[in-house]
2 protein chains.
Amino acid sequence: MDYSETLLFQCVSAHDCSRMLECMKAQKRSFYAGEEIYSFDTARKSVGILLNGQAAVVRYEYNGTRSILENLSPKSIFGEDLSFIPSGDSCIAVVCQTDCQVLFIDYQRLTRTCQNACSCHTQLIRNLLQLLSDKTRALSERVEVLSQRSIREKLMCYFMQLAAGKNSNTFELPFTMIDFADFLSVNRSAMIRELGKMKKDGLIQISRRTITLL
Amino acid sequence: MDYSETLLFQCVSAHDCSRMLECMKAQKRSFYAGEEIYSFDTARKSVGILLNGQAAVVRYEYNGTRSILENLSPKSIFGEDLSFIPSGDSCIAVVCQTDCQVLFIDYQRLTRTCQNACSCHTQLIRNLLQLLSDKTRALSERVEVLSQRSIREKLMCYFMQLAAGKNSNTFELPFTMIDFADFLSVNRSAMIRELGKMKKDGLIQISRRTITLL
DNA sequence: TATATTCTGTTGCTTTTGCAACCTTTTTGT
DNA sequence: ACAAAAAGGTTGCAAAAGCAACAGAATATA
């Protein structure tokens, strides 16, 4: 994997990359599907870059409900802000959906310019800034969806975000229905019932995970 | 106002501050209570620092409902990530609750080192990084509250956040009940009804806006 | 100090959502 | 190719939340 393809190392040459990774003592690790990559209980202050595979940030509530906070694809970064601090009785973790490889970098080493004061470190921080902006943006969109008051409004809001992102009225849901309901924080069968009504009302077309806004 | 007291200019000397503000062509403006500081329609790519007064980031929905996305106190920064991009028919704005003074800084000028390549600009970027982290954290907390499935769970989740923040089981709500309901995205009377039940069930004590977790 | 306005709190009724149980279809593993 | 597991989908019933209308308390304004 060419690290300079990842957003964090954007605009850093491959040579500088490997030098910096060594300087920051980055570590690569492998995980199996279903395994827990990162638990925010243990709160290791490092960021992870998903090199390949699929994973998700999930929260498990005391009462057994589960919420999907974020879907991670290759090159996604997670944990970069020590965010997702679990409060009280919930527990947040990054869980592999398929086999994964992850690169860990210590947060302190990442944000302070190293002793060698490599100039590329400035670029790294600028990239981190961009990533954080993107994340804030994603979270804002999430808040927008969740602050809708009915299931139908939540669905429409999210569909419009997907459509805007793809510049098309037809798009694929990046979830199973079970995960989608957890993402919207609503009951699965109530959600499917509502999808049926929306179809009947001529708002959407839907077949499996392909959706078209009308 | 001493700008080096603001989080963005933390660890920058007062002298460097004023030099940089000039270099970045920062502008100070005043607003009256109720006025709109910043509309994300117009999307001016600048960040604002609230120097004094109280303001809030609100979203107005097509159907007339309103959601409070964030409360802003003096020294708060907003707009720093071009986030809150309104989708479709909603409109997001920063609205003054009292008279306010705001400092605007162009985002481009802020994130690129200026021609003079002042060393303190590095500090500025590091501060921005910290602010973005904080914001991500705040948004994550917001998502945590909103992804609770019942009004009672939303309330308890938020109360626990407040209690954790103040290190005390007693705290003041920073909202009127109307705004609080908008913040939680629930119906006001349903919320007040639930607060009554929670009091009856011995979960909380409440008198006006002072709440104690039991 | 009187009056208007905004905020707080209640209640009955309606709609929405959640829950549980069940069946069908699709995917996975051997 | 078959069995087992997971995902998709339906329904009746119960619980929760929304809505609207109203009344009392607090605050602002003249």
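Owing to the predicted nature of the structure, the values given are computational and were not obtained by experimental measurement. So that the names make sense, note that chain A is the first sequence line, chain B the second, and so on, each numbered from 1.
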Query - Side chain of Ser189(A) - closest among dT10(C), dT17(C), dC19(C) - result: dC19(C)

Query - Side-chain-base donor-acceptor pair under 3.5 Å for Arg193(A) and dG8(D) - result: no

Requested in this report: Establish, yes or no, whether the cationic atom of Arg142(B) lies under 6.0 Å from the six-membered ring centre of Phe183(B) and within 45° of the ring axis.
Outcome: yes

Query - Short side-chain to backbone donor-acceptor contact, Gln161(B) and Glu141(B), under 3.5 Å - result: yes

Query raised in the report: Any side-chain N or O of Asn187(B) under 4.0 Å from OP1/OP2 of dA17(D)?
Result: no

Query raised in the report: If you look at every strand shown and take non-hydrogen atoms under 4.0 Å, does Arg152(A) touch a base, only sugar-phosphate, or nothing?
Result: nothing

Report summary line: Lys154(B) NZ to dT17(C) C1', in whole Å, measures 11 Å

Query raised in the report: Arg208(A) near the nucleic acid: base, sugar-phosphate alone, or nothing, with a heavy-atom cut-off under 4.0 Å?
Result: sugar-phosphate

Query raised in the report: Nearest of dT17(C), dT10(C), dG18(C) to any side-chain atom of Ile192(B)?
Result: dT10(C)

Query raised in the report: What is the distance from CG of Asp179(B) to P of dT6(C), rounded to the nearest Å?
Result: 14 Å

Query raised in the report: 5'-most contact on DNA chain C: Ala190(B) or Ile178(B), nearest heavy atom basis?
Result: Ile178(B)

Query raised in the report: Is Gln148(A) reaching over with its side chain to a backbone N or O of Glu144(A), donor-acceptor style, under 3.5 angstrom?
Result: yes

Report summary line: In whole angstroms, the gap separating P of dT28(C) from CD of Gln97(A) amounts to 13 Å

Query raised in the report: Between atom CD1 in Ile206(B) and atom C1' in dG9(C), what is the gap in whole Å?
Result: 11 Å

Query raised in the report: Under 3.5 Å, is there an N or O donor on one side and an acceptor on the other linking the side chain of Arg188(A) and the base of dG9(D)?
Result: yes

Query raised in the report: What is the distance, rounded to the nearest whole Å, between atom CD of Glu153(B) and atom C1' of dT17(C)?
Result: 13 Å

Query raised in the report: Closest to the Ser150(A) side chain: dT16(C), dC19(C), dG18(D)?
Result: dT16(C)

Requested in this report: Write down the distance between CG (Leu184(A)) and C1' (dT16(C)), rounded to a whole number of angstrom.
Outcome: 16 Å

Requested in this report: Describe the nucleic acid contact of Ile151(A) in one word from base, sugar-phosphate, nothing, applying a heavy-atom distance below 4.0 Å.
Outcome: sugar-phosphate

Query - Gap between atoms CZ and C1', on Arg149(B) and dT16(C) respectively (whole Å) - result: 16 Å

Report task. Could you tell me whether the side chain of Lys154(A) and the main chain of Val145(A) form a donor-acceptor pair under 3.5 Å? Result -> no

**Report entry** Trace of the side chain to side chain contact (heavy atoms under 4.5 Å, CB included) decision for Val102(A) with Ile49(A)
**Finding:** CA-CA 6 Å; Val102(A) 180; Ile49(A) 297 176; 5.9 Å; no

Report task. Measure from CE on Met177(A) to P on dT25(C) and round the result to the nearest Å. Result -> 17 Å

